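To start, the structure itself, in C-alpha cells.
Because the structure is predicted, anything quoted here is derived from the model rather than measured. Atoms within each ligand, like the ligands themselves, are counted from 1 in listed order.
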Amino acid sequence: MAFIETERLILRTWMPSDASALLESSLDREVTRFLPVTRPPTLESSLAWIDRQMDEQEREGFSVWPVIRKEDGRLIGRCGLHRLPEGYVEVVWVFERDAWGHGFATEAARAAAAYAREPLRLPALYALINPANSASIAVAYRLGMRFDRVVRAYKRDLLRYVL
Ligand SMILES: CC(C)(COP(=O)(O)OP(=O)(O)OC[C@H]1O[C@@H](n2cnc3c(N)ncnc32)[C@H](O)[C@@H]1OP(=O)(O)O)[C@@H](O)C(=O)NCCC(=O)NCCS
C-alpha cells in the first residue's frame, strides 16, 4: 500500500520480497558508514528489520518506509518515521549510493515530515545525525530543521535537529 506519493517517489508498506534490495544497500559500507550497524547484515536480519517496521506501522501508524522511484519502480532507499525508546519521533533517510545527488532524500523526507504533521499531528520531529555526516546535515537544513542539541542515542553522541 502506498502511503505517500511525491513527484518522483512512492513511500509504501514493506513486503518480504524487499529484503534482498534492503540487504544490498546494507552491505554498502559507504551507505552504512554513519549508521548504527553492529553486525554484518544478512537476509535474515533484513527480514527481521522489515518485520520491526511492519510492527511499528501497526502500533504507531508510521514506520520507516521503502522508497520506490516511479521512473523505474526500483527500491532506491528508505525514509520515514521511528519512535525512539526516549519517546520522541525521528525522521530517517537512507538511500543507495547511486541515488545520491538527485534530491530524492530531501523529497522523501519532506513528504514524511508533512505526514508527521498531518494526519499524525506529532508535536515535534527530530533527526539524529553523526557530526561527520555532512550530506545528512544538509538534508536536515533543506527540510528547515534547526540544530537542537547533542543527545546520546544508539550508543553514540549524535547531533539532534528539530522541526
Ligand atoms: C544522507 C543522504 C540520504 C543524502 O543524500 P543526498 O542525495 O545528498 O541528499 P538530497 O536528496 O537532499 O540531494 C541533494 C543533492 O542532489 C542535488 N540535486 C540534483 N537534482 C536535484 C533535484 N531535482 N532536486 C533537488 N536536488 C537535486 C542537489 O544539488 C544536492 O547535491 P549536492 O549535495 O552536490 O549539493 C545520503 O548521503 C545517504 O543515504 N547516506 C547514507 C545513509 C545516511 O547516512 N543516512 C543518514 C543517517 S542520519
Side-chain angles (χ1 to χ4, degrees), residues 3-12 14 18-42 45-46 49-50 52-53 56 62-117 122 124-163:
F3 267 97
I4 299 173
E5 185 167 352
T6 68
E7 194 189 333
R8 297 178 294 171
L9 307 169
I10 289 173
L11 282 63
R12 60 153 168 76
W14 289 95
D18 294 326
S20 54
L22 177 66
L23 175 61
E24 203 177 305
S25 75
S26 307
L27 287 170
D28 184 338
R29 281 172 186 272
E30 277 289 307
V31 172
T32 59
R33 188 162 156 216
F34 298 114
L35 304 182
V37 180
T38 45
R39 269 175 264 155
T42 60
S45 67
S46 302
W49 188 87
I50 288 176
R52 290 200 294 281
Q53 299 314 307
E56 184 153 17
F62 58 76
S63 73
V64 177
W65 298 293
V67 179
I68 313 300
R69 184 165 52 197
K70 284 188 196 172
E71 192 188 13
D72 56 4
R74 225 186 93 202
L75 195 164
I76 57 164
R78 50 194 189 269
C79 179
L81 310 170
H82 168 63
R83 192 181 297 280
L84 283 114
E86 290 77 7
Y88 61 85
V89 176
E90 65 169 332
V91 52
V92 172
W93 45 74
V94 177
F95 283 74
E96 288 181 8
R97 208 185 329 177
D98 64 6
W100 297 357
H102 298 277
F104 291 134
T106 298
E107 186 171 321
R110 198 169 271 145
Y115 194 84
R117 274 193 304 277
L122 298 180
L125 191 60
Y126 297 91
L128 302 175
I129 307 181
N130 184 306
N133 193 350
S134 51
S136 190
I137 291 170
V139 174
Y141 282 127
R142 280 186 208 108
L143 289 184
M145 299 185 107
R146 66 171 170 78
F147 175 68
D148 176 27
R149 61 190 173 90
V150 175
V151 294
R152 189 80 186 157
Y154 300 106
K155 298 183 181 157
R156 290 145 192 241
D157 289 329
L158 298 171
L159 306 181
R160 190 168 85 168
Y161 290 80
V162 62
L163 189 66

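Backbone and side-chain nitrogen or oxygen atoms of Ile129 are examined, and none is located within less than 3.5 angstrom of a nitrogen or oxygen of ligand 1. Geometrically, ligand 1 and Gly103 share a nitrogen or oxygen pair separated by less than 3.5 Å. Between Trp100 and ligand 1, at least one N/O pair is under 3.5 Å apart. Considering backbone and side-chain N/O atoms, Arg142 comes within less than 3.5 Å of an N/O atom of ligand 1.
Contact annotation: the side chain of Leu128 never approaches that of Leu159 to less than 4.5 Å [non-hydrogen atoms, C-beta and beyond]. Using a 4.5 Å cut-off on side-chain heavy atoms (C-beta onward), Leu35 and Tyr154 make no contact. Looking at heavy atoms from C-beta onward, Val67 lies out of side-chain contact with Phe104 at the 4.5 angstrom threshold.
Judged by distance alone, the side chain of Glu107 and the main-chain N or O of Thr6 form no donor-acceptor pair under 3.5 Å. In this structure a side-chain-to-backbone donor-acceptor pair under 3.5 Å is missing from Glu90 to His82.
Atoms of ligand 1 lying under 4.0 Å from any heavy atom of Phe104, numbered from 1 in the order shown and given with element: 11 (O). Close contacts of ligand 1 with Ala135, meaning ligand atoms under 4.0 Å from a residue heavy atom, involve 37 (O). Listed by number with element, the atoms of ligand 1 under 4.0 Å from a non-hydrogen atom of Ser136 are 1 (C), 46 (C), 47 (C), 48 (S).
Residue pairs meeting the side-chain hydrogen bond (donor to acceptor under 3.5 Å, both in side chains) criterion with at least one member in residues 124-136, sequence neighbours excluded: Trp93-Ser136.
Distance from atom 44 (O) of ligand 1 to its nearest protein heavy atom, with residue and atom name: Asn133 ND2, 2.8 Å. Of the protein's non-hydrogen atoms, the one nearest atom 42 (C) of ligand 1 is Val31 O, 3.3 Å. Scanning all protein heavy atoms for the shortest distance to atom 24 (N) of ligand 1 gives His102 O, 3.8 Å. For atom 28 (C) of ligand 1, the closest non-hydrogen atom of the protein is Gly101 O, 4.7 Å. What sits closest to atom 9 (O) of ligand 1 on the protein, heavy atoms only, is Val139 CG2, 3.7 Å. Residue, atom and distance of the protein heavy atom nearest to atom 45 (N) of ligand 1 are Trp93 O, 2.8 Å. Counting protein heavy atoms only, atom 47 (C) of ligand 1 is closest to Leu35 CD2, 3.7 Å. Among protein heavy atoms, the minimum distance from atom 11 (O) of ligand 1 is reached at Ala105 N, 2.8 Å.
When heavy-atom distances to ligand 1 are checked against a 4.0 Å cut-off, Glu7 has no atom that comes that close, whether in backbone or side chain.
Residue Arg152 places its CZ atom among more than 12 non-hydrogen atoms of other residues, nucleotides or ligands, all under 6.0 Å distant.
In plain terms, the two heavy atoms of Gln53 and Ser63 that are nearest each other are O-CB, 3.3 Å.
Partners of Glu71 according to the side-chain contact (heavy atoms from CB on, under 4.5 Å) rule, which considers only residues two or more places apart in sequence or in another chain, are Arg69.
Remark: distances from the non-hydrogen atoms of Leu128 to ligand 1 include one below 4.0 Å.
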Full working for side-chain contact (heavy atoms from CB on, under 4.5 Å) between Phe95 and His102: CA-CA 11 Å; Phe95 283 74; His102 298 277; over 6 Å; no
Verdict with supporting geometry, Phe62 and Val89, side-chain contact (heavy atoms from CB on, under 4.5 Å): CA-CA 10 Å; Phe62 58 76; Val89 176; 3.8 Å; yes
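Contact annotation for atom 14 (C) of ligand 1: protein present (non-hydrogen atoms, distance under 4.0 Å). For atom 40 (N) of ligand 1, the nearest protein heavy atom is under 4.0 Å away. Of the protein's heavy atoms, none falls inside 4.0 Å of atom 32 (P) of ligand 1.
Classification of Asp18 and Arg78 as a salt-bridged pair fails, no side-chain N sitting under 4.0 Å from a carboxylate O.
Looking at Thr106, Ile76, Thr32, it is Thr106 that brings a heavy atom closest to atom 10 (P) of ligand 1.
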